[in-house]
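Throughout, residue positions are numbered sequentially from 1 according to the sequence presented. Read the numbers this way: they start at 1 and go in the same order the structure lists the ligands and their atoms.
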Amino acid sequence: MPREIPAQHFPDGFLWGCATSAYQIEGSPLADGAGASVWHRFSHTPGRVVANETGDIACDHYRRWESDIDLMQRLGLQAYRFSIAWARILPEGIGRVNPLGLGFYERLIDRLLAKGIQPTATLFHWDLPAALDDRGGWLNRDSADWFAEYADIVYRRFDDRIKLWATLNEPWVVSDNGYLHGTAAPGHRNIFEAPIATHNLMRAHGAAVQAYRATGRHQIGLVVNIEPKYAASQAADDLAATRRAEAQMNRQFIEPALLGRYPQEMREIFGDAWPDWPAADLQQIHQPIDFVGLNYYTRSVTKHDPQAWPLRATPVKQTQHPHTEMGWEVFPQGLTDTLLWIKDRYGNPPVYITENGAAFADPAQADGELLEDPLRVDYFRTHIRAVHDALRAGADVRGYFAWSMLDNFEWALGYSKRFGIIHVDYQTQKRTLKASATFFADVIASNGAVAF
Ligand code: BGC
């Protein structure tokens, strides 16, 4: 029996928060003895990031974390999802621990708790220590052990204060953009490497969950990006292309974690580059997890395209709906559909929406006390309703984190895209609330009621 969901607000205990990631906001990447990460190297390689921008300063959160937490408190956030920079904790990725790196996150966590905000940590949001990339990065089978070693250090230090952990954020981006298409760090373009990166990322996830069960007392999950795929037509080749696209983006990671197998389409997509993996590896990957973290931004309508390498599938732009500055269609129904797909396909696991949000063209400088961003407000309103629809249809959704707390470094797009509910003037580091921030504060205060 689905539990009773109130008609116009969210169930008691539903968790509302904001999300960020280390390299995107912190700045000071080498401060206090931290090691470089692959994103530091990538952004310092000319031509990799729009306007050759880097995360050297970003939102200067490494130094402004206290006043940033004051802003979070002002919005009434119940939780804050951040990521830990592995190379701050272990400058060489393994071995020597840097107490100053742990100290930064310790102060952050303690202050969040003192302000009544629940800290939730992601262990890996793409910033692999460069020293480990020198050893082959995710192509090295030892990477699963490296990750478990790092995870264990962090659990032992912080599990008394952190109740929700995520292993990896969006492994798809690392494998697909980082190793297949070269548009994210480490910037490789190699069809033979991407499957290996996928598999080692998932082995690392499994190893970190195993390590957590040995020492942790709370909850741990995996964060995946899912972009539901709808066929452009009922023609057989469009349907097959849609199935491949869905397998590659949406099932490649969640399926081995939750069901212990990769989608059969992987071989169809990668051909000989997709090996037969040892059964013991799949067992290691298939560890019980406490929740699925879902990052949802948009959908894709898909058609067959023999030129699109290696998927032979391509998105068809849907001109009837608005699009964000990323060129992503605004499609809240896709969030409901995705939550119900997870419910039906994977036995209704608990889900946190770990990211949802939109880039729109806010001005570089904010003029006045509040910046109006009606498109972003509308995006949040309609997507929060979409989550509620899924709850009412029986999906076990436990919380929602807006992406993002602050405008920040949008990876290969540099500072050209603004996802924040708080505007950042990168010249002065002044923060200005956007109307979406006050809207979100009202959402939290009313447990969702203002979205209706
Ligand atoms: C990532 C974020 C990113 C956001 C918007 C997600 O893929 O986890 O780091 O900024 O989407 O592109």
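Not one N or O of W328 is nearer than 3.5 Å to an N or O of ligand 1, by distance alone. Not a single N or O atom of W126, backbone or side chain, sits closer than 3.5 Å to an N or O atom of ligand 1. Polar contact check, W411 against ligand 1: a nitrogen or oxygen pair lies under 3.5 Å apart. Considering backbone and side-chain N/O of N408, none are found under 3.5 Å from N/O of ligand 1.
Paired with R111 under the rule side-chain hydrogen bond (donor to acceptor under 3.5 Å, both in side chains), one option of Q73, E66, E106 passes, and it is E66. When I84, I89, L90 are each tested for a side-chain contact (heavy atoms from CB on, under 4.5 Å) with W86, only one passes: L90.
Around atom 6 (C) of ligand 1, the closest heavy atom drawn from E227, E170, Q24, K417 belongs to E170.
Under a 4.0 Å N-O distance rule, the pair D142/R203 does not qualify as a salt bridge.
When atom types are taken as modelled, the side chain of R157 and the backbone of D152 share no donor-acceptor pair closer than 3.5 angstrom.
Within ligand 1, counting atoms from 1 as listed, the ones closer than 4.0 Å to a heavy atom of N169 are 8 (O). Short contacts between ligand 1 and E410, defined as distances under 4.0 Å to a heavy atom of the residue, involve ligand atoms 3 (C), 5 (C), 10 (O), 12 (O). Near H125, meaning under 4.0 Å from any of its heavy atoms, are these atoms of ligand 1: 1 (C), 2 (C), 8 (O), 9 (O).
The protein heavy atom nearest to atom 4 (C) of ligand 1 is Y297 OH, 3.4 Å. Nearest protein heavy-atom contact of atom 1 (C) of ligand 1 is E355 OE1, 3.3 Å.
Atom CD of E246 is separated from atom OG of S300 by 11.0 Å, given to the nearest 0.5 angstrom.
Checked against side chain to side chain contact (heavy atoms under 4.5 Å, CB included), A58 has the following partners two or more places apart in sequence or in another chain: Y415.
Cation-pi contact between R189 and W309: present, with separation from the ring centre below 6.0 Å and deviation from the ring axis of at most 45°.
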